[in-house]
Protein chains: 2
Amino acid sequence: MSNSKEVSKSTIERLPKYLRYLIEIDKMGAVDISSTTIAEHFNFNPIQVRKDIAQVSKKSGKPKTGFKVKELIKDIQNFLGYNNYSEAVIVGCGGLGKTLMAYSGFLSLGLKIVAAFDSNPALFGLEVNGLKIHSMEELDAVINKTSAKIGIITVPRESAQQVCDRLIECGIKGIWNFAPLHLVVPSDVAIRNEDMAASLAVLSYELAAKQKSD
Amino acid sequence: MSNSKEVSKSTIERLPKYLRYLIEIDKMGAVDISSTTIAEHFNFNPIQVRKDIAQVSKKSGKPKTGFKVKELIKDIQNFLGYNNYSEAVIVGCGGLGKTLMAYSGFLSLGLKIVAAFDSNPALFGLEVNGLKIHSMEELDAVINKTSAKIGIITVPRESAQQVCDRLIECGIKGIWNFAPLHLVVPSDVAIRNEDMAASLAVLSYELAAKQKSD
DNA sequence: GTTATATCGATATCAGTATATCGATATGCT
DNA sequence: AGCATATCGATATACTGATATCGATATAAC
Ligand SMILES: NC(=O)c1ccc[n+]([C@@H]2O[C@H](COP(=O)([O-])OP(=O)(O)OC[C@H]3O[C@@H](n4cnc5c(N)ncnc54)[C@H](O)[C@@H]3O)[C@@H](O)[C@H]2O)c1
Ligand SMILES: NC(=O)c1ccc[n+]([C@@H]2O[C@H](COP(=O)([O-])OP(=O)(O)OC[C@H]3O[C@@H](n4cnc5c(N)ncnc54)[C@H](O)[C@@H]3O)[C@@H](O)[C@H]2O)c1
């Protein structure tokens with residue numbers, strides 16, 4: 001498929017963490033940073049950090065000092081696409097949907113929510129954070145006025161798969177699902193199931209394991 | 001540490017997915033279910049499903065028919081601890097905090113939020129979903145009146161590590177962090193960083209990869 | 001200027017997870 | 001009843017990601 005080397009999911013998940021840390025120490029005046037120091041901060045392995053960096057930055061680090069903070073920041077941001085915005089639409093403007101719409105943090109991640117939809121007529125026309133809520137009938141028309149490729153799903157579990165299918169029909173190519181079910185999509189569509197039950201299960205299991213060992 | 005065999009994180013993440021599916025088909029009247037059918041539903045590998053099941057259920061499946069749906073449900077629920085509630089407290093009752101407090105879905109995951117805290121005096125005494133918001137001064141006293149072992153963090157990034165440390169001082173043993181930073185905790189504390197930036201990074205990368213290959 | 005050392009990058013090894021193979025068997029079908 | 005077959009569980013293999021090793025080297029310290 002892709003000609004350049006594949007970057008693993010685990011590496012990609014760590015990159016935003018490095019980035020936040022680098023931005024922080026940059027603000028504090030740091031110029032150089034070593035993989036060792038980054039690793040210590042996160043309790044990671046320095047070799048892992050170095051390998052992650054090597055995959056997204058062509059600049060090579062120097063013995064004894066490491067990497068240039070500002071260069072690393074630029075390279076990671078570039079790799080993650082934080083420079084140019086991706087547009088997204090959101091479907092389901094209930095509790096969670098409205099919260100995400102009001103969240104300012106996505107902008108710095110290169111994500112801009114450009115349209116919102118709901119099936120509840122009571123919400124039509126309402127504005128949240130400057131975003132007007134549209135009816136589901138307008139889905140196709142409104143999406144096609146944007147260049148949105150990402151759809152955020154915050155509808156109840158029962159309607160999530162159906163909403164997902166409709167989004168894909170409208171040309172959406174990436175689904176960020178917050179409903180508690182595992183959505184299935186065609187192979188040309190990217191999907192991320194934000195499964196809080198799975199997350200909590202891991203936390204509870206680890207908690208139980210640690211409690212047991214004393 | 002633990003005497004029984006360890007169950008991998010990946011397996012634990014899949015179990016809640018299986019469970020939701022099993023409950024659904026149980027409602028639809030299904031009695032038996034094969035690993036093949038489960039796997040097809042999720043686009044997983046049937047051997048993987050069988051191995052996951054083998055780790056949490058002593059009941060063995062039968063050739064040609066598979067497993068008993070109701071038995072599997074019970075075994076998975078039991079393994080995940082959905083039968084007896086874990087208590088949790090939440091710190092940070094802003095947009096996201098209030099949304100989580102109002103969310104009814106946690107109960108079926110065996111999680112019960114029993115207390116809420118914020119540093120903003122304007123919120124003290126306010127009730128969300130029957131939960132009164134306490135001041136941070138009351139943290140220790142209120143937590144110790146409960147049996148909460150889990151702390152949910154929904155404060156701004158800047159105060160998250162400090163809040164985390166205080167929770168641990170109060171006897172909290174598992175941290176569910178929604179603030180955008182990688183919290184570091186002592187080794188006897190379980191931590192789950194719900195990192196939306198990491199999540200979105202993976203989605204964006206996969207989206208870009210799929211767009212490229214056409 | 002010389003020396004000691006922290007860090008790098010490349011390569012090798014290790015560990016853990018996912019997948020493949022295969023014999024056994026219970027069930028459904030003729 | 002007998003046969004074909006879907007599925008199981010156990011074992012073996014393959015794959016992917018994490019960690020260890022090691023020579024090279026730029027820098028800091030003296
Ligand atoms: N609230 C949370 O903290 C939380 C946490 C984790 C997961 N979730 C999940 O996120 C989803 C939303 O949760 P919520 O608390 O905001 O629920 P909610 O009921 O407050 O909001 C759901 C919204 O979706 C709309 N909707 C329903 N069917 C629709 C359809 N077919 N098309 C378009 N819009 C439709 C409703 O009108 C409503 O506005 C749920 O699946 C929930 O399980 C929520
Ligand atoms: N809102 C979202 O959709 C969203 C999404 C992902 C991550 N997050 C993260 O979750 C956190 C909360 O987000 P939010 O939108 O609810 O923010 P918010 O500003 O609405 O709420 C934060 C709350 O924390 C309280 N607070 C601040 N400092 C505190 C302290 N030291 N002790 C106790 N309480 C304190 C504030 O009074 C406020 O009520 C943030 O870190 C945010 O980045 C939010």
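Reminder, nothing fancy here: chain letters follow the sequence lines and each chain counts from 1. Just so it is clear, the structure is predicted and the values come from calculations on it, not from any experiment.
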Applied to residues 44-54 of chain A, the side-chain hydrogen bond (donor to acceptor under 3.5 Å, both in side chains) test, sequence neighbours excluded, yields Thr11(A)-Asp52(A), Arg14(A)-Asp52(A), Tyr18(A)-Asp52(A), Ser35(A)-Arg50(A)

Under the 3.5 angstrom rule, does the side chain of Glu87(A) hit a backbone N or O of Ser147(A) as a donor-acceptor pair?
-> yes

Check whether any side-chain heavy atom of Leu167(B) lies under 4.5 Å from a side-chain heavy atom of Gln162(B), and answer yes or no.
-> no

Interface limits on DNA chain C, where chain A has a heavy atom under 4.0 Å of a nucleotide atom | dT5(C) to dA12(C)

State whether the number of non-hydrogen atoms from other residues, nucleotides or ligands found under 6.0 Å of Lys145(B) atom NZ is greater than 12.
-> no

Just how large is the angle between the end axes of the helix from dG1(C)-dC30(D) to dT30(C)-dA1(D), five pairs per end, to 10 degrees?
-> 30°

Taking distance alone, no hydrogens or angles, what donor-acceptor pairs closer than 3.5 Å link side-chain atoms of residues 169-178 of chain B to residues at least two apart or in another chain?
unit_1, atom_1, unit_2, atom_2, d
Lys173(B), NZ, Asp188(B), OD2, 3.1
Trp176(B), NE1, Glu194(B), OE1, 2.8
Asn177(B), OD1, Ala179(B), N, 2.9
Asn177(B), ND2, Ala179(B), O, 3.2
Asn177(B), ND2, Leu181(B), O, 2.9
Asn177(B), ND2, Asn193(B), OD1, 2.9

Residue pairs passing the side-chain hydrogen bond (donor to acceptor under 3.5 Å, both in side chains) test where at least one lies in residues 24-34 of chain A, sequence neighbours excluded | Glu24(A)-Arg157(B), Asp26(A)-Lys70(A), Asp32(A)-Lys68(A), Ser34(A)-Thr37(A)

Listed by chain and number, what are the side chain to side chain contact (heavy atoms under 4.5 Å, CB included) partners of Lys9(A), not counting sequence neighbours?
-> Glu13(A), Arg192(A), Val202(B)

With Asn43(A) via side chain to side chain contact (heavy atoms under 4.5 Å, CB included) - residues at least two apart | Val184(B)

Name each donor-acceptor pair under 3.5 Å that joins a side chain in residues 103-118 of chain B to protein atoms two or more places apart or in another chain, with its distance.
unit_1, atom_1, unit_2, atom_2, d
Ser108(B), OG, Gly105(B), O, 3.1
Asp118(B), OD1, Asn120(B), N, 2.8
Asp118(B), OD2, Cys93(B), N, 2.6

For Leu200(A), does its backbone N or O pair with a side-chain atom of Ser204(A) as donor and acceptor, under 3.5 Å?
-> yes

Is there any ring-ring contact (aromatic ring centres under 6.0 Å, His included) pair reaching into residues 45-82 of chain A, and which pairs are they, with sequence neighbours excluded?
-> Phe79(A)-Tyr205(B)

Residue closer to the 5' end of DNA chain D, Lys59(B) versus Lys62(A) (nearest nucleotide) | Lys59(B)

Whether each nucleotide of nucleotides 14-19 of chain D has a protein heavy atom under 4.0 Å at its base (B), only at its sugar-phosphate (S) or at neither (-) is summarised, 5' to 3', as ---SSB

Close residues, residues 63-76 of chain B, relative to DNA chain D [heavy-atom separation under 4.0 Å] = Pro63(B), Lys64(B), Gly66(B), Phe67(B)

What residues, two or more places apart in sequence or in another chain, satisfy side chain to side chain contact (heavy atoms under 4.5 Å, CB included) together with Asn83(B)?
-> Gln77(B), Asn78(B)

